[in-house]
Amino acid sequence: MDNGSYMQELNVGIVADWFITYAGSEKVVAEFLDVFPEAELYSVVDFLSSENKSHFKNKNITTTFIQNFPFARKKYQSYLPFMPLAIEQLDVSKHDVILSSSHAVAKGVLTGPDQLHISYIHSPIRYAWDLQHQYLRESNLHKGFKGLLAKWILHNIRIWDCRTSNGVDHFIANSKFIARRIKKVYGRNADVIYPPVDVERFTLNENKEQYYFTASRLVPYKRIDLIVEAFSHMKDKKLVVIGDGPEMNKIKAKATSNIEILGYQSNSVMVDYMRNARAFVFAAEEDFGITPVEAQSCGTPVIAYGKGGALETIRPIGVEKATGVFFYNQDVKSIIDSVNFFEQHSDEIILSDCRLNALKFSEQRFKEEIKEYVMNRHAEFLASKSVVY
């Protein structure tokens, strides 16, 4: 039986945390479906638009009781305390292989001893583990009775999260950084398969303009406020910001005349700015970080916070085939210093090398690696079941 036939023979169930929009974790599910087109989909809730539904072959998605809770479409995250119970009610017993795409509760789906469960982890539940204190502060839940209740809920989720790690046969991490977090939290080793990036929708542009660029949802952990404040002290340098979110007013208040804040823009506009920018500036600590890879796919160097997944996708000046610069403190001075360093050494970056580096994270590469991984793990699983004692 050839590999294609073998893959089609497998009865696969794909489990996600929730389907609300089409972002990084959903893209992983869409690529799973390209590899396993007959697979069935499961999720806590499904509120996809008809446009986004097309990414998942317009398949029916089996959901949980939270789907029918009041205001679940907008307030689904408020029902986090119910999600462990909800995910355990999904009946996936008919499938040979379960593939979960998890950054919250999907990995906790119940499976039996004759099922192979492979969980692709974007991160263990961030706001329950090492980022709990940051999350509670940003949500104003770090004190008072509400704070005590939130801490108790997160404590119970940690207990559940650890227990359900035993139901996963193999962990895949989306970066070495997340593999270390999985080892710390679950005590389990994880293989690394980098997530898919649509590098083909970007093209190399070596004729750059003289502005710096950043694009993100304007939420606290992305630290766009730091980037804007840094450029407010560098009035001879132009910064363009694309994105919208709850931090918009705060960020606008920091902007000076050299900073252009465009708010939400279409994908084509964002790509155009990305292609023409002198460099892309990135201040978040991300598990992987797709936008720095997208920038490199345009031949645009990246100035990034040197922590998390960025360390695995950007090659700093000083190493062969450099694609960017790191700063190691999440503060205004470090960003200013790194921009000045970049300007002094930018001729050490060959823009076509940025493109070549980005191609290592392509969608096709992801599909091939997932296909091979599932095939090999399933073959091992079948062999272990056939052992005669």
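FYI, side chains are in, hydrogens and waters are out, and symmetry mates aren't considered; it's all heavy atoms of this structure.
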Next on the checklist: Per the ring-ring contact (aromatic ring centres under 6.0 Å, His included) rule, what does the pair list look like for residues 161-186, sequence neighbours excluded?
Outcome noted: Phe171-Tyr186
Checklist entry - Would a distance-only check, ignoring hydrogens and angles, find a side-chain to backbone donor-acceptor pair under 3.5 Å from Arg275 to Thr203? => result yes
Checklist entry - Can you name the closest pair of heavy atoms from Asp17 and Ala106 and give their distance? => result OD1-N, 2.7 Å
Checklist outcome for this item: So NZ of Lys254 and CG of Asp225: to nearest 0.5 Å the spacing works out to 5.5 Å
Checklist entry - Going from CZ on Phe342 to CD on Glu348, what distance comes out if it is rounded to the nearest 0.5 angstrom? => result 11.0 Å
Checklist entry - Residues in salt bridge (Lys or Arg N to Asp or Glu O under 4.0 Å) with Asp161, at least two apart? => result Lys107
Next on the checklist: Less than 4.0 angstrom from a charged side-chain N to a carboxylate O is my criterion; do Glu31 and Lys27 meet it?
Outcome noted: yes
Less than 3.5 Å apart, which donor and acceptor atoms pair up between the side chains of residues 143-155 and the rest of the protein, not counting sequence neighbours?
{"from": "Lys151", "atom 1": "NZ", "to": "His142", "atom 2": "O", "distance (Å)": "3.2"}

Item to check | Asp46 side-chain N/O to Ile61 backbone N/O, donor-acceptor pair under 3.5 Å | outcome: no
Checklist entry - Closest heavy-atom contact between Val374 and Val97? => result CG1-CG1, 4.5 Å
Checklist outcome for this item: Here the pair of heavy atoms bringing Gly289 nearest to Pro292 is O-CD, 3.4 Å
Checklist entry - If two hydrophobic side chains count as joined below 4.5 Å and joins carry through other members, does Phe69 share a cluster with Tyr76? => result yes
Next on the checklist: Quick check on the hydrophobic clustering: are Ile227 and Met270 connected, directly or via other members, by side-chain heavy-atom contacts under 4.5 Å?
Outcome noted: no
Next on the checklist: Would you say Ile370 ends up clustered with Val29 if hydrophobic residues are merged whenever their side chains have heavy atoms under 4.5 Å apart, either directly or through other cluster members?
Outcome noted: yes
Next on the checklist: Within the 4.5 Å heavy-atom criterion, are Val28 and Phe32 side-chain neighbours or not?
Outcome noted: yes
Next on the checklist: Is the distance from the ring center of His95 to that of Tyr42 below 6.0 Å?
Outcome noted: yes
Item to check | Test item: Lys59 side-chain N/O and Ala39 main-chain N/O as donor-acceptor pair under 3.5 Å | outcome: yes
Checklist entry - Looking at side-chain heavy atoms only, is the closest gap between Arg181 and Asp287 below 4.5 Å? => result yes
Checklist entry - Between Met248 and Tyr273, is there a shared hydrophobic cluster once you connect ILVMFWY residues whose side-chain heavy atoms come closer than 4.5 Å? => result no
Checklist entry - So does Arg315 pair up with Asp353, basic N to acidic O under 4.0 Å? => result no
Item to check | Residue pairs involving residues 225-270 (criterion ring-ring contact (aromatic ring centres under 6.0 Å, His included); sequence neighbours excluded) | outcome: Tyr212-Phe231
Checklist entry - Salt-bridged, Arg180 to Glu312, with N to O below 4.0 Å? => result no
Checklist entry - Relative to the ring of Phe213, is the ring of Tyr211 parallel (under 30°), tilted (30 to 60°) or perpendicular (over 60°)? => result perpendicular
Checklist outcome for this item: In Ile87, Leu80, Leu85, the residue satisfying side-chain contact (heavy atoms from CB on, under 4.5 Å) with Met83 is Leu80
Item to check | Heavy atoms of other groups near Ile20 CD1, more than 12 under 6.0 Å | outcome: yes
Checklist entry - Do Glu247 and Lys222 meet the salt-bridge criterion of a basic N to acidic O distance under 4.0 Å? => result no
Checklist entry - Where the side chain of Asn11 meets the backbone of Lys94, is there a donor-acceptor pair that is under 3.5 Å apart? => result yes
Item to check | Side-chain touch Glu363/Asp34, heavy atoms, less than 4.5 angstrom | outcome: no
Item to check | Exercise: identify the closest heavy-atom pair between Ser119 and Val168 | outcome: CB-CG1, 3.7 Å
Checklist entry - Can Val325 be reached from Ile350 by stepping across I, L, V, M, F, W or Y side chains whose heavy atoms are under 4.5 Å apart? => result no
Next on the checklist: Are the side chains of Tyr79 and Pro70 in contact, using a 4.5 Å heavy-atom criterion?
Outcome noted: yes
Next on the checklist: Checking the side chain of Asp169 only, and the main-chain atoms of Ile118 only, is there a donor and an acceptor separated by less than 3.5 Å?
Outcome noted: no
Checklist entry - Hey, mind stepping through Glu285 and Tyr221 against side chain to side chain contact (heavy atoms under 4.5 Å, CB included) and telling me if it holds? => result CA-CA 8 Å; Glu285 178 186 338; Tyr221 88 94; over 6 Å; no
Checklist outcome for this item: Rounded to the nearest 0.5 angstrom, the CZ-CG distance for Arg217 and Asp244 is 7.5 Å
Item to check | Sidechain-backbone polar pair: Lys53 side chain, Phe47 backbone, donor-acceptor under 3.5 Å | outcome: no
Item to check | Check: Gln330 main-chain N/O paired with Ser334 side-chain donor or acceptor under 3.5 Å | outcome: no
Next on the checklist: Looking at Cys354, is its backbone amide N or carbonyl O close enough to the side chain of Thr323 to form a donor-acceptor pair, meaning the two atoms are under 3.5 Å apart?
Outcome noted: no
Next on the checklist: Just by distance, no angles: are the side chains of Asn205 and Asn276 close enough, under 3.5 Å, to form a donor-acceptor pair?
Outcome noted: yes
Checklist entry - In terms of heavy-atom contacts, does NZ of Lys252 have more than 12 from other residues, nucleotides or ligands at under 6.0 Å? => result no
Item to check | Closest heavy-atom pair and its distance - Ser100, His117 | outcome: OG-NE2, 2.9 Å
Next on the checklist: Whether Glu343 and Lys237 form a salt bridge (side-chain N of Lys/Arg under 4.0 Å from carboxylate O of Asp/Glu) is what I want to check.
Outcome noted: yes
Item to check | Ile121 to Pro124 - nearest heavy-atom pair and separation | outcome: CG2-N, 3.6 Å
Next on the checklist: If only side-chain N and O atoms count, and only distance matters, is there a donor-acceptor pair under 3.5 Å linking Ser257 with Lys235?
Outcome noted: no
Checklist entry - Do the side chains of Phe82 and Thr64 get nearer than 4.5 Å, heavy atoms only? => result no
Item to check | Side-chain H-bond candidate by donor/acceptor type, Ser232 with Thr256, under 3.5 Å | outcome: no
Next on the checklist: Tyr120 vs Phe366, test: ring pair (Phe, Tyr, Trp, His ring centres under 6.0 Å). Steps then yes/no.
Outcome noted: CA-CA 12 Å; Tyr120 189 95; Phe366 177 80; 5.8 Å; yes
Checklist entry - To the nearest 0.5 Å, what is the distance between CG (Leu41) and CZ (Phe56)? => result 7.5 Å
Next on the checklist: For a 4.5 angstrom cut-off between non-hydrogen side-chain atoms, does Trp160 reach Val105?
Outcome noted: yes
Checklist entry - Quick one: does Asp337's side chain get under 4.5 Å of Phe327's, heavy atoms only? => result no
Item to check | Test item: Leu382 and His378 side chains (from C-beta on) under 4.5 Å apart, heavy atoms | outcome: yes
Checklist entry - Hey, are Lys371 and Glu368 close enough for a salt bridge, meaning a charged N less than 4.0 Å from a carboxylate O? => result no
Checklist entry - In the hydrophobic clustering (ILVMFWY, side-chain contacts below 4.5 Å, transitive), which residues join Phe71, or is it alone? => result none
Checklist entry - Taking ILVMFWY side chains as joined if any heavy atoms are under 4.5 angstrom apart, and letting links pass through other members, which residues group with Phe288? => result Val192, Tyr194, Val197, Val199, Ile290, Val293, Leu356, Leu359, Phe361
Checklist entry - Is a side-chain donor or acceptor of Asn357 paired with a backbone partner of Thr313 at a separation under 3.5 angstrom? => result yes
Checklist entry - Between the side chain of Arg365 and the main-chain N/O of Lys360, is any donor-acceptor distance below 3.5 Å? => result yes
Checklist entry - How long is the span from the CD atom in Glu369 to the CD atom in Gln364, to the nearest 0.5 Å? => result 11.0 Å
Next on the checklist: Nearest 0.5 angstrom please: Ser297 OG to Arg201 CZ, how far?
Outcome noted: 8.0 Å
Next on the checklist: Ile336 vs Lys333, test: side chain to side chain contact (heavy atoms under 4.5 Å, CB included). Steps then yes/no.
Outcome noted: CA-CA 5 Å; Ile336 293 172; Lys333 182 180 184 302; 5.7 Å; no
